[in-house]
Amino acid sequence: MIIVMQHQASAAQIAAVVARVEQAGYRTSLIKGEERTIIGVIGDDRPIDRTQFETLDGVDKTMPVLKPFKLASRDMHPMDTHVPLNGTPVGGPHIAVIAGPCSVESRAQILEAAQAVKEAGATALRGGAFKPRTSPYSFQGMGEEGLQLLAEAREATGLPIVTEAMSPEQVPLVARYADMIQIGARNMQNYDLLRAAGKSDKPVLLKRGMMSTIEELLMSAEYVLAGGNARVILCERGIRTFEKYTRNTTDINAIPVIKHLTHLPVLLDPSHGVGKWEYVAAVARAGIAAGADGLIVEVHPHPTEALSDGAQSLKPEKFAQLVRECRQVAAVLGRS
Ligand code: PEP
Ligand code: MN
(Lines give C-alpha, C1' and ligand atoms only; values in the text may rest on other atoms or scores of the structure.)
(Ligands and ions follow the chains in the order given, each with its own letter.)
Protein backbone atom coordinates (compact mmCIF):
# COMPACT_ATOMS: atom_id res chain seq x y z
CA MET A 1 0.00 0.00 0.00
CA ILE A 2 1.06 3.59 -0.48
CA ILE A 3 -0.21 6.56 1.47
CA VAL A 4 -0.31 9.75 -0.56
CA MET A 5 -0.05 12.82 1.67
CA GLN A 6 -1.84 16.05 0.90
CA HIS A 7 0.05 18.73 -0.98
CA GLN A 8 0.32 20.95 2.12
CA ALA A 9 0.90 18.14 4.69
CA SER A 10 3.30 19.26 7.42
CA ALA A 11 6.42 17.40 8.54
CA ALA A 12 4.67 16.66 11.86
CA GLN A 13 1.68 15.12 10.07
CA ILE A 14 3.98 12.95 7.93
CA ALA A 15 5.89 11.82 11.02
CA ALA A 16 2.62 10.95 12.80
CA VAL A 17 1.45 8.80 9.87
CA VAL A 18 4.84 7.04 9.70
CA ALA A 19 4.66 6.34 13.45
CA ARG A 20 1.14 4.93 13.14
CA VAL A 21 2.14 2.62 10.25
CA GLU A 22 5.19 1.37 12.16
CA GLN A 23 3.05 0.80 15.25
CA ALA A 24 0.87 -1.48 13.14
CA GLY A 25 3.98 -3.63 12.46
CA TYR A 26 4.96 -2.40 8.99
CA ARG A 27 8.08 -0.71 7.66
CA THR A 28 7.92 2.56 5.77
CA SER A 29 9.74 4.04 2.84
CA LEU A 30 9.43 7.80 2.40
CA ILE A 31 9.41 9.26 -1.10
CA LYS A 32 9.57 13.04 -1.12
CA GLY A 33 8.38 14.33 -4.47
CA GLU A 34 8.36 17.92 -5.65
CA GLU A 35 4.60 18.14 -5.14
CA ARG A 36 3.90 15.79 -2.25
CA THR A 37 5.22 13.03 -0.05
CA ILE A 38 4.33 9.37 -0.54
CA ILE A 39 4.70 6.88 2.30
CA GLY A 40 5.32 3.33 1.14
CA VAL A 41 4.06 0.66 3.54
CA ILE A 42 6.15 -2.49 3.39
CA GLY A 43 5.85 -5.84 5.06
CA ASP A 44 3.46 -8.70 5.43
CA ASP A 45 1.52 -9.41 2.21
CA ARG A 46 -1.80 -9.86 4.02
CA PRO A 47 -4.38 -7.24 3.15
CA ILE A 48 -4.15 -4.08 5.23
CA ASP A 49 -7.26 -2.26 6.33
CA ARG A 50 -6.43 0.94 4.51
CA THR A 51 -9.29 2.96 6.00
CA GLN A 52 -7.48 3.16 9.36
CA PHE A 53 -4.88 5.44 7.72
CA GLU A 54 -7.19 7.43 5.46
CA THR A 55 -8.63 9.52 8.28
CA LEU A 56 -5.26 10.63 9.66
CA ASP A 57 -4.42 14.34 9.42
CA GLY A 58 -2.66 15.29 6.21
CA VAL A 59 -3.51 12.07 4.32
CA ASP A 60 -4.98 12.53 0.84
CA LYS A 61 -5.59 8.88 -0.11
CA THR A 62 -4.25 5.35 0.13
CA MET A 63 -3.73 2.92 -2.74
CA PRO A 64 -2.86 -0.77 -2.83
CA VAL A 65 0.32 -1.81 -4.67
CA LEU A 66 -1.02 -4.84 -6.45
CA LYS A 67 2.28 -5.97 -7.92
CA PRO A 68 4.30 -8.55 -5.98
CA PHE A 69 7.35 -6.28 -6.06
CA LYS A 70 6.77 -3.24 -3.88
CA LEU A 71 9.93 -1.20 -3.30
CA ALA A 72 10.97 -1.86 -6.91
CA SER A 73 7.58 -0.77 -8.25
CA ARG A 74 6.97 2.51 -10.00
CA ASP A 75 3.63 2.70 -8.15
CA MET A 76 5.59 3.15 -4.93
CA HIS A 77 8.24 5.43 -6.42
CA PRO A 78 7.04 7.26 -9.56
CA MET A 79 10.29 9.16 -10.26
CA ASP A 80 13.33 7.50 -11.87
CA THR A 81 15.95 6.45 -9.36
CA HIS A 82 19.47 7.71 -10.03
CA VAL A 83 22.19 5.45 -8.70
CA PRO A 84 25.48 7.26 -8.06
CA LEU A 85 28.59 5.70 -9.56
CA ASN A 86 31.57 7.91 -8.73
CA GLY A 87 29.69 11.12 -9.18
CA THR A 88 27.95 10.30 -12.49
CA PRO A 89 24.47 9.02 -11.71
CA VAL A 90 23.17 5.99 -13.61
CA GLY A 91 19.53 6.48 -14.63
CA GLY A 92 19.66 10.18 -15.49
CA PRO A 93 20.22 11.88 -18.84
CA HIS A 94 23.71 10.40 -19.20
CA ILE A 95 24.12 6.91 -20.61
CA ALA A 96 26.51 4.81 -18.51
CA VAL A 97 29.08 2.84 -20.50
CA ILE A 98 30.73 0.09 -18.49
CA ALA A 99 33.39 -1.75 -20.47
CA GLY A 100 36.32 -4.08 -20.03
CA PRO A 101 37.29 -7.71 -20.31
CA CYS A 102 35.11 -10.61 -19.19
CA SER A 103 37.85 -11.65 -16.75
CA VAL A 104 40.86 -9.97 -15.20
CA GLU A 105 43.71 -12.11 -16.55
CA SER A 106 46.93 -10.24 -15.76
CA ARG A 107 48.20 -6.83 -14.71
CA ALA A 108 49.21 -5.93 -18.29
CA GLN A 109 45.86 -7.05 -19.71
CA ILE A 110 43.63 -5.13 -17.29
CA LEU A 111 45.73 -1.96 -17.39
CA GLU A 112 45.78 -1.99 -21.20
CA ALA A 113 42.03 -2.66 -21.35
CA ALA A 114 41.27 0.06 -18.78
CA GLN A 115 43.26 2.69 -20.65
CA ALA A 116 41.70 1.72 -23.98
CA VAL A 117 38.07 1.79 -22.78
CA LYS A 118 38.65 5.09 -21.02
CA GLU A 119 40.02 6.66 -24.19
CA ALA A 120 36.99 5.35 -26.10
CA GLY A 121 34.61 7.06 -23.65
CA ALA A 122 33.72 4.38 -21.08
CA THR A 123 32.44 5.66 -17.73
CA ALA A 124 33.35 2.55 -15.70
CA LEU A 125 35.60 -0.50 -15.96
CA ARG A 126 34.29 -4.07 -15.75
CA GLY A 127 36.28 -7.27 -15.21
CA GLY A 128 35.54 -10.44 -13.32
CA ALA A 129 37.86 -11.69 -10.57
CA PHE A 130 35.47 -14.45 -9.47
CA LYS A 131 34.06 -16.14 -12.56
CA PRO A 132 30.96 -18.35 -12.75
CA ARG A 133 31.99 -20.89 -15.41
CA THR A 134 29.95 -23.74 -16.85
CA SER A 135 32.96 -26.06 -16.63
CA PRO A 136 35.01 -26.54 -13.46
CA TYR A 137 38.05 -26.99 -15.76
CA SER A 138 37.72 -23.50 -17.28
CA PHE A 139 39.56 -20.45 -15.93
CA GLN A 140 37.87 -19.53 -12.64
CA GLY A 141 39.26 -16.01 -12.24
CA MET A 142 42.19 -14.52 -10.31
CA GLY A 143 40.26 -14.02 -7.06
CA GLU A 144 41.47 -11.32 -4.68
CA GLU A 145 44.59 -10.67 -6.77
CA GLY A 146 42.21 -9.76 -9.61
CA LEU A 147 40.42 -7.30 -7.32
CA GLN A 148 43.76 -5.70 -6.45
CA LEU A 149 44.58 -5.32 -10.14
CA LEU A 150 41.18 -3.72 -10.74
CA ALA A 151 41.91 -1.25 -7.94
CA GLU A 152 45.24 -0.47 -9.61
CA ALA A 153 43.45 0.11 -12.93
CA ARG A 154 41.06 2.50 -11.17
CA GLU A 155 44.03 4.34 -9.72
CA ALA A 156 45.58 4.64 -13.19
CA THR A 157 42.44 5.75 -15.07
CA GLY A 158 40.00 7.15 -12.51
CA LEU A 159 37.33 4.73 -13.80
CA PRO A 160 35.08 3.17 -11.14
CA ILE A 161 35.15 -0.63 -10.95
CA VAL A 162 32.30 -3.10 -11.53
CA THR A 163 33.01 -6.72 -10.60
CA GLU A 164 31.10 -9.83 -9.60
CA ALA A 165 30.53 -11.47 -6.21
CA MET A 166 29.36 -15.09 -6.43
CA SER A 167 28.59 -15.90 -2.80
CA PRO A 168 27.36 -14.03 0.29
CA GLU A 169 30.81 -14.47 1.88
CA GLN A 170 32.46 -12.70 -1.08
CA VAL A 171 30.30 -9.57 -0.79
CA PRO A 172 32.34 -7.75 1.90
CA LEU A 173 35.62 -8.63 0.12
CA VAL A 174 34.38 -7.47 -3.30
CA ALA A 175 32.85 -4.34 -1.72
CA ARG A 176 36.27 -3.39 -0.29
CA TYR A 177 37.64 -3.00 -3.82
CA ALA A 178 34.66 -2.42 -6.12
CA ASP A 179 32.52 0.64 -6.73
CA MET A 180 29.61 -1.56 -7.84
CA ILE A 181 28.94 -5.22 -7.08
CA GLN A 182 27.73 -7.36 -9.97
CA ILE A 183 25.36 -10.26 -9.32
CA GLY A 184 25.53 -12.50 -12.37
CA ALA A 185 22.76 -14.18 -14.33
CA ARG A 186 23.42 -17.57 -12.74
CA ASN A 187 23.05 -16.08 -9.27
CA MET A 188 20.01 -13.90 -9.85
CA GLN A 189 17.98 -16.12 -7.54
CA ASN A 190 20.69 -16.83 -4.98
CA TYR A 191 18.66 -15.35 -2.16
CA ASP A 192 21.44 -15.45 0.45
CA LEU A 193 23.65 -13.51 -1.97
CA LEU A 194 20.84 -10.99 -2.61
CA ARG A 195 20.38 -10.55 1.13
CA ALA A 196 24.13 -10.00 1.60
CA ALA A 197 24.10 -7.40 -1.20
CA GLY A 198 21.16 -5.75 0.54
CA LYS A 199 23.40 -5.13 3.56
CA SER A 200 26.17 -3.56 1.47
CA ASP A 201 26.52 0.18 0.95
CA LYS A 202 27.80 -0.36 -2.61
CA PRO A 203 25.50 -0.14 -5.66
CA VAL A 204 24.43 -3.52 -7.04
CA LEU A 205 24.25 -4.46 -10.73
CA LEU A 206 21.70 -7.26 -10.88
CA LYS A 207 21.73 -9.25 -14.12
CA ARG A 208 18.65 -11.06 -15.36
CA GLY A 209 18.86 -14.84 -15.20
CA MET A 210 19.04 -16.46 -18.61
CA MET A 211 15.82 -18.37 -17.87
CA SER A 212 14.10 -15.80 -15.68
CA THR A 213 11.06 -13.66 -16.32
CA ILE A 214 11.05 -9.90 -15.86
CA GLU A 215 8.87 -10.35 -12.76
CA GLU A 216 11.40 -12.77 -11.25
CA LEU A 217 14.16 -10.21 -11.91
CA LEU A 218 12.15 -7.54 -10.11
CA MET A 219 11.42 -9.88 -7.20
CA SER A 220 15.19 -10.47 -6.87
CA ALA A 221 15.76 -6.70 -6.89
CA GLU A 222 13.13 -6.52 -4.14
CA TYR A 223 15.35 -8.70 -1.92
CA VAL A 224 18.24 -6.22 -2.20
CA LEU A 225 15.96 -3.21 -1.67
CA ALA A 226 14.14 -4.82 1.26
CA GLY A 227 17.54 -5.62 2.79
CA GLY A 228 18.22 -1.88 3.00
CA ASN A 229 20.25 -1.16 -0.14
CA ALA A 230 18.35 1.26 -2.40
CA ARG A 231 21.11 1.37 -5.04
CA VAL A 232 20.07 -1.30 -7.51
CA ILE A 233 20.67 -1.26 -11.27
CA LEU A 234 19.07 -3.95 -13.42
CA CYS A 235 20.65 -5.52 -16.48
CA GLU A 236 19.13 -7.36 -19.44
CA ARG A 237 21.76 -9.79 -20.74
CA GLY A 238 19.87 -12.07 -23.09
CA ILE A 239 17.69 -15.06 -22.42
CA ARG A 240 17.82 -18.65 -23.64
CA THR A 241 15.60 -19.41 -26.61
CA PHE A 242 15.49 -22.05 -29.37
CA GLU A 243 17.79 -19.90 -31.53
CA LYS A 244 21.24 -21.44 -31.83
CA TYR A 245 23.03 -19.02 -34.13
CA THR A 246 23.53 -16.59 -31.29
CA ARG A 247 24.58 -17.44 -27.71
CA ASN A 248 21.42 -15.92 -26.18
CA THR A 249 18.54 -13.82 -27.46
CA THR A 250 18.63 -10.19 -26.37
CA ASP A 251 15.19 -9.39 -25.02
CA ILE A 252 14.89 -5.81 -26.26
CA ASN A 253 11.26 -5.86 -25.09
CA ALA A 254 12.53 -6.07 -21.54
CA ILE A 255 14.01 -2.55 -21.67
CA PRO A 256 10.76 -0.56 -22.08
CA VAL A 257 8.81 -3.06 -19.97
CA ILE A 258 11.27 -2.74 -17.07
CA LYS A 259 11.30 1.06 -17.42
CA HIS A 260 7.49 0.99 -17.18
CA LEU A 261 7.30 -1.33 -14.17
CA THR A 262 10.14 0.02 -12.04
CA HIS A 263 11.95 3.24 -11.18
CA LEU A 264 15.31 1.44 -11.13
CA PRO A 265 17.81 2.09 -13.96
CA VAL A 266 18.27 -0.65 -16.55
CA LEU A 267 21.38 -1.46 -18.55
CA LEU A 268 21.84 -3.70 -21.57
CA ASP A 269 24.66 -6.21 -21.94
CA PRO A 270 24.82 -6.76 -25.71
CA SER A 271 27.95 -8.95 -25.39
CA HIS A 272 26.33 -11.84 -23.51
CA GLY A 273 23.03 -11.04 -25.24
CA VAL A 274 24.31 -11.96 -28.70
CA GLY A 275 27.58 -13.76 -27.95
CA LYS A 276 29.41 -12.89 -31.19
CA TRP A 277 31.47 -9.70 -31.44
CA GLU A 278 30.26 -8.98 -34.99
CA TYR A 279 26.73 -8.19 -33.77
CA VAL A 280 27.48 -6.47 -30.47
CA ALA A 281 27.42 -2.88 -31.78
CA ALA A 282 24.08 -3.33 -33.58
CA VAL A 283 22.44 -4.73 -30.45
CA ALA A 284 24.01 -1.97 -28.31
CA ARG A 285 22.50 0.68 -30.60
CA ALA A 286 19.12 -1.04 -30.35
CA GLY A 287 19.38 -1.02 -26.55
CA ILE A 288 20.01 2.73 -26.40
CA ALA A 289 17.16 3.32 -28.87
CA ALA A 290 14.86 1.21 -26.65
CA GLY A 291 15.63 3.43 -23.63
CA ALA A 292 18.41 1.62 -21.76
CA ASP A 293 20.19 3.77 -19.18
CA GLY A 294 23.53 2.31 -20.15
CA LEU A 295 25.56 -0.55 -21.56
CA ILE A 296 27.97 -3.11 -20.17
CA VAL A 297 30.25 -4.30 -22.95
CA GLU A 298 33.08 -6.83 -23.06
CA VAL A 299 36.28 -5.36 -24.52
CA HIS A 300 39.63 -7.17 -24.68
CA PRO A 301 42.90 -5.82 -26.07
CA HIS A 302 43.58 -9.24 -27.67
CA PRO A 303 40.29 -11.18 -27.89
CA THR A 304 41.85 -14.30 -29.46
CA GLU A 305 43.96 -14.72 -26.31
CA ALA A 306 41.09 -14.14 -23.85
CA LEU A 307 40.63 -16.75 -21.10
CA SER A 308 36.83 -16.27 -21.20
CA ASP A 309 34.29 -14.90 -23.68
CA GLY A 310 36.84 -13.96 -26.38
CA ALA A 311 34.33 -14.61 -29.17
CA GLN A 312 32.03 -11.85 -27.93
CA SER A 313 34.76 -9.40 -26.91
CA LEU A 314 35.38 -6.28 -28.97
CA LYS A 315 38.82 -4.98 -29.81
CA PRO A 316 39.27 -1.44 -28.41
CA GLU A 317 38.93 0.25 -31.83
CA LYS A 318 35.60 -1.52 -32.48
CA PHE A 319 34.42 -0.48 -29.04
CA ALA A 320 35.37 3.14 -29.76
CA GLN A 321 33.24 2.97 -32.90
CA LEU A 322 30.33 1.51 -30.89
CA VAL A 323 30.54 4.45 -28.46
CA ARG A 324 30.53 6.96 -31.34
CA GLU A 325 27.44 5.32 -32.87
CA CYS A 326 25.61 5.07 -29.56
CA ARG A 327 26.30 8.76 -28.89
CA GLN A 328 24.36 9.60 -32.03
CA VAL A 329 21.44 7.32 -31.11
CA ALA A 330 21.37 8.81 -27.59
CA ALA A 331 21.36 12.36 -28.96
CA VAL A 332 18.14 11.65 -30.91
CA LEU A 333 16.52 10.83 -27.57
CA GLY A 334 17.94 13.91 -25.83
CA ARG A 335 20.53 11.90 -23.87
CA SER A 336 24.30 11.96 -23.86
C1 PEP B 1 29.90 -11.54 -17.13
O2 PEP B 1 29.45 -10.38 -17.00
O3 PEP B 1 31.03 -11.81 -17.54
C4 PEP B 1 28.95 -12.65 -16.85
C5 PEP B 1 29.38 -13.81 -16.38
O6 PEP B 1 27.68 -12.31 -17.16
P7 PEP B 1 26.32 -13.15 -16.93
O8 PEP B 1 26.19 -13.35 -15.47
O9 PEP B 1 25.27 -12.25 -17.52
O10 PEP B 1 26.46 -14.44 -17.70
MN1 MN C 1 31.62 -12.71 -19.78
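Predicted, not measured: the structure shown is a model, and the values here were computed from it. Just follow the structure's listing: the first ligand is 1, and inside any ligand the first atom is 1.
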Counting N and O atoms only, with roles assigned by atom type, does the side chain of [X] sit under 3.5 Å from a partner on the main chain of [Y], one being a donor and the other an acceptor?
X      : Y      : answer
Asp192 : Pro168 : no
Gln182 : Thr163 : no
Thr262 : Ile258 : no

For this session: Could you point out which residue of Leu217, Ile214, Asp75 forms a side chain to side chain contact (heavy atoms under 4.5 Å, CB included) with Leu261?
Result: Ile214

Find all atoms of ligand 1 within a distance of less than 4.0 Å from any non-hydrogen atom belonging to [X], and give their numbers and elements.
X      : result
Lys131 : 1 (C), 3 (O), 5 (C)
Gly184 : 8 (O)
Cys102 : 3 (O)
Glu298 : 1 (C), 3 (O)

Could you tell me whether the side chains of [X] and [Y] share a donor-acceptor contact shorter than 3.5 Å?
X      : Y      : answer
Gln312 : Ser271 : no
Glu325 : Gln321 : yes
Thr123 : Thr88  : no
His272 : Asp309 : yes
Glu105 : Ser103 : no

For this session: Using the six-membered ring wherever Trp is involved, compare the ring planes of His263 and His77 and label them parallel, tilted or perpendicular (cut-offs 30° and 60°).
Result: parallel

Problem set entry | Near the Mn ion (ligand 2) (under 2.8 Å) - protein N, O or S atoms | Cys102 SG, His272 NE2, Glu298 OE2, Asp309 OD2

Could you tell me the residue and atom name of the protein heavy atom closest to [atom], and the distance to it rounded to 0.1 Å?
atom                    : value
atom 8 (O) of ligand 1  : Ala185 N, 2.7 Å
atom 6 (O) of ligand 1  : Lys207 NZ, 2.9 Å
atom 4 (C) of ligand 1  : His272 NE2, 3.4 Å
atom 10 (O) of ligand 1 : Arg237 NH2, 2.7 Å
atom 2 (O) of ligand 1  : Arg126 NH1, 2.8 Å

Exercise. Does CD belonging to Glu22 count more than 12 external heavy atoms closer than 6.0 Å?
Worked result: yes

Problem set entry | Check: Gln182 N/O within less than 3.5 Å of ligand 1 N/O | yes

Exercise. Under 3.5 Å between some N or O of ligand 1 and some N or O of Glu164?
Worked result: no

Problem set entry | Side-chain heavy-atom pair Pro64, Arg50 within 4.5 angstrom cut-off | yes

Problem set entry | Test item, Met210 contacting ligand 1 (heavy atom, 4.0 angstrom) | no

